[in-house]
Each structure stands twice: as structure tokens, then as C-alpha cells.
Amino acid sequence: MNRFYAWWLVRIGKAIDIWSKSKYPADVLSNLHDSIFIFDEVECHSMEGFLQSLKQQDEAKQRQICKMKGLDAKRQSSSNWQKDQIVWWKGKPINRHSDEFFNLVTSAYTALFQQSRLFREALLSTKGKKLLHSRGKKDSHDTILTEQEFCVILIKLRENARTEDNIEQ
């Protein structure tokens, strides 16, 4: 989707284009937003920290990047993983294009959703709107998470939360 069309959908109130410099709730949903959460016994200070850490084979370096806030973590980006399309979590190699990778990332977002009231409320406030990430990349060989993967994960979290709310009522 091109940026103009995304802008238009946002302008008419039909969509949220997630970007760190947008207004609430889009800014809070950005991977660069400072959000402390624990995933798989690792402390993360932003989703960007977690995602960038996957590009590092060294576990100590991974933990260090996980504790970084958004922009600091983004500056740690590496393209080394792109050659063989292998990322790492806790010393284990994972194919970037596997279900295992997608499930790992989805689990991290689930942890963030469960542990961050601000993130959860921001996501739930988007009910009825299309989620976009017009600044994201489309090719999974070039990015740790495509715009489509990112939005699919958030939409599933939002839908599952509403389903769980309906069951509890």
C-alpha cells in the first residue's frame, strides 16, 4: 500500500498507520516505543530491542540489545543474518521464513500485550480500524518483520482479546 493511500485512510478515520512519530495510538504500537516486558525470561525495554536482538548469535549481546530502548536498539541493526536468512534466540538458530520464527515473534508480542497496559489499551482502541505500517518493508529477506507480518500479529492479538472479553462476560 502506498503512503498516500495509507494517509487517506487514516485521514478519514478508517485506519491507523503505525509509526513512532504518529499520534496515539499509533506511536504506542510502534516497535520503537519504550515498553518494558519479560519474554522467555529475558527483560526487554522495547519490541525493537527484541527484534534487533534476533540478528545476534551471541546470547550476551542479545540480552544487551533486548534491554535497549527503541532507537538505541534500532542502531544495533545488522544485515549479517540476511545472507543465510538465519536469526537466533538464546543460542538457537531459526530460519527467518519458518513457522518457528513467526511463532517466536508472535509470542513476544503476546508477552508485551499481556504485560503493558499502555500497549494493550492502545491496540484495543483501534477496534474497527485497519492497521497499517506504510513505512515498513515488504520483503522478508530484507527485514526482520515485514509490514504484513507486523499487522497480522497485532490484528490477531486485538481479535483474540475481544474474543476472550466476550467469553468472560
Side-chain angles (χ1 to χ4, degrees), residues 1-39 44-55 65-79 81-82 85 87 96-99 101-166:
M1 176 176 305
N2 72 45
R3 286 189 188 176
F4 176 76
Y5 184 61
W7 174 84
W8 177 249
L9 288 175
V10 171
R11 179 101 172 137
I12 63 173
K14 301 263 183 204
I16 303 291
D17 191 10
I18 300 167
W19 185 46
S20 64
K21 295 184 181 174
S22 293
K23 295 182 211 171
Y24 180 87
D27 59 337
V28 173
L29 298 176
S30 165
N31 292 330
L32 296 178
H33 192 268
D34 298 344
S35 302
I36 297 176
F37 64 102
I38 306 294
F39 174 66
C44 302
H45 288 213
S46 66
M47 184 53 71
E48 188 70 20
F50 168 74
L51 293 171
Q52 293 301 331
S53 81
L54 298 175
K55 299 175 181 180
I65 294 172
C66 279
K67 285 189 176 183
M68 292 182 176
K69 294 182 178 181
L71 284 176
D72 291 335
K74 188 172 185 170
R75 290 184 188 111
Q76 298 298 312
S77 185
S78 167
S79 60
W81 67 276
Q82 290 174 329
Q85 296 293 296
V87 296
R96 161 62 182 90
H97 306 282
S98 67
D99 288 342
F101 169 80
F102 190 76
N103 292 338
L104 176 74
V105 173
T106 299
S107 294
Y109 276 98
T110 301
L112 172 61
F113 181 83
Q114 291 171 342
Q115 297 172 41
S116 171
R117 181 186 53 78
L118 184 60
F119 179 84
R120 185 172 51 255
E121 289 175 354
L123 183 57
L124 295 177
S125 78
T126 68
K127 178 182 177 183
K129 295 188 180 178
K130 185 175 182 85
L131 297 181
L132 309 171
H133 184 49
S134 65
R135 285 164 175 78
K137 293 183 180 179
K138 295 179 184 344
D139 188 344
S140 60
H141 292 86
D142 295 334
T143 185
I144 199 72
L145 195 65
T146 66
E147 62 178 315
Q148 181 181 4
E149 291 167 328
F150 175 57
C151 291
V152 163
I153 290 169
L154 294 185
I155 290 166
K156 284 184 179 182
L157 279 172
R158 181 179 69 186
E159 289 173 356
N160 289 342
R162 284 202 310 260
T163 302
E164 289 170 10
D165 284 348
N166 290 339

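Side-chain atoms are counted along with the backbone in the values below, which use heavy atoms only and exclude waters and symmetry mates.
Put simply, the side chain of Leu104 does not reach to within 4.5 Å of the side chain of Val87, judged on heavy atoms. You'll find the side chain of Asp139 stays beyond 4.5 Å of the side chain of Thr143, heavy atoms only. You'll find the side chain of Asp72 stays beyond 4.5 Å of the side chain of Gln76, heavy atoms only. Side-chain contact between Lys130 and Lys14 is absent, with no heavy-atom pair separated by less than 4.5 Å. At a threshold of 4.5 Å between non-hydrogen side-chain atoms, the residues Phe113 and Arg158 do not count as touching.
For Ser125 (side chain) and Ala122 (main-chain N/O), a donor-acceptor pair under 3.5 Å exists by modelled atom type. Using modelled atom types, no side-chain atom of His33 and backbone atom of Asp27 make a donor-acceptor pair closer than 3.5 Å. Checked by atom type and distance alone, the side chain of Gln115 never pairs as donor or acceptor with a backbone atom of Ile36 at under 3.5 Å. Asn160 places no side-chain N or O within donor-acceptor distance of the main-chain N or O of Leu157, the cut-off being under 3.5 Å. Using a distance-only test at 3.5 Å, with no hydrogens or angles considered, no donor-acceptor pair links the side chain of Ser116 to the main chain of Leu112. Between the side chain of Ser77 and the backbone N or O of Lys74 there is no donor-acceptor pair closer than 3.5 Å. The backbone N or O of Met68 sits less than 3.5 Å from a side-chain atom of Ser46, completing a donor-acceptor pair. Judged purely by atom type and a 3.5 angstrom limit, Asp17 uses its side chain to pair as donor or acceptor with the backbone of Ser134.
The environment of Trp7 atom CH2 is dense: over 12 non-hydrogen atoms of other residues, nucleotides or ligands sit within 6.0 angstrom. Around the CD atom of Glu121, the shell of radius 6.0 Å holds more than 12 heavy atoms that belong to other residues, nucleotides or ligands.
To the nearest 0.5 Å, the span separating CG on Leu118 from CG on Leu123 amounts to 11.5 Å. In this structure, CD in Gln82 is found 8.5 Å from CD1 in Ile144, a value given to the nearest 0.5 Å. Distance check, rounded to the nearest 0.5 Å: SG of Cys151 to CD1 of Ile18 gives 5.0 Å. Separating the CG atom in Leu29 from the OG1 atom in Thr126 is a distance of 6.5 Å, to the nearest 0.5 Å. Taking OG of Ser140 as the reference point, atom CZ of Phe102 lies at 12.0 Å (rounded to 0.5 Å). To the nearest 0.5 angstrom, Leu145 atom CG is 9.5 Å from Leu54 atom CG.
For Ala111 against Phe37, the heavy-atom pair with the smallest separation is CB-CD1, 4.2 Å. Scanning both residues, Ala108 and Phe50, for their nearest heavy atoms gives CB-CE2, 3.5 Å. Here the closest heavy-atom approach between residue Arg120 and residue Gln114 is recorded as NH1-O, 3.0 Å. Nearest heavy-atom pair across Asp34 and Gly70 is OD1-N, 3.7 Å.
Classification of the Tyr109-Phe150 ring pair by plane angle, with boundaries at 30° and 60°, yields tilted.
Among Lys137, Lys156, Arg96, Lys138, the single residue meeting the salt bridge (charged side-chain N to carboxylate O under 4.0 Å, His left out) criterion with Glu149 is Arg96.
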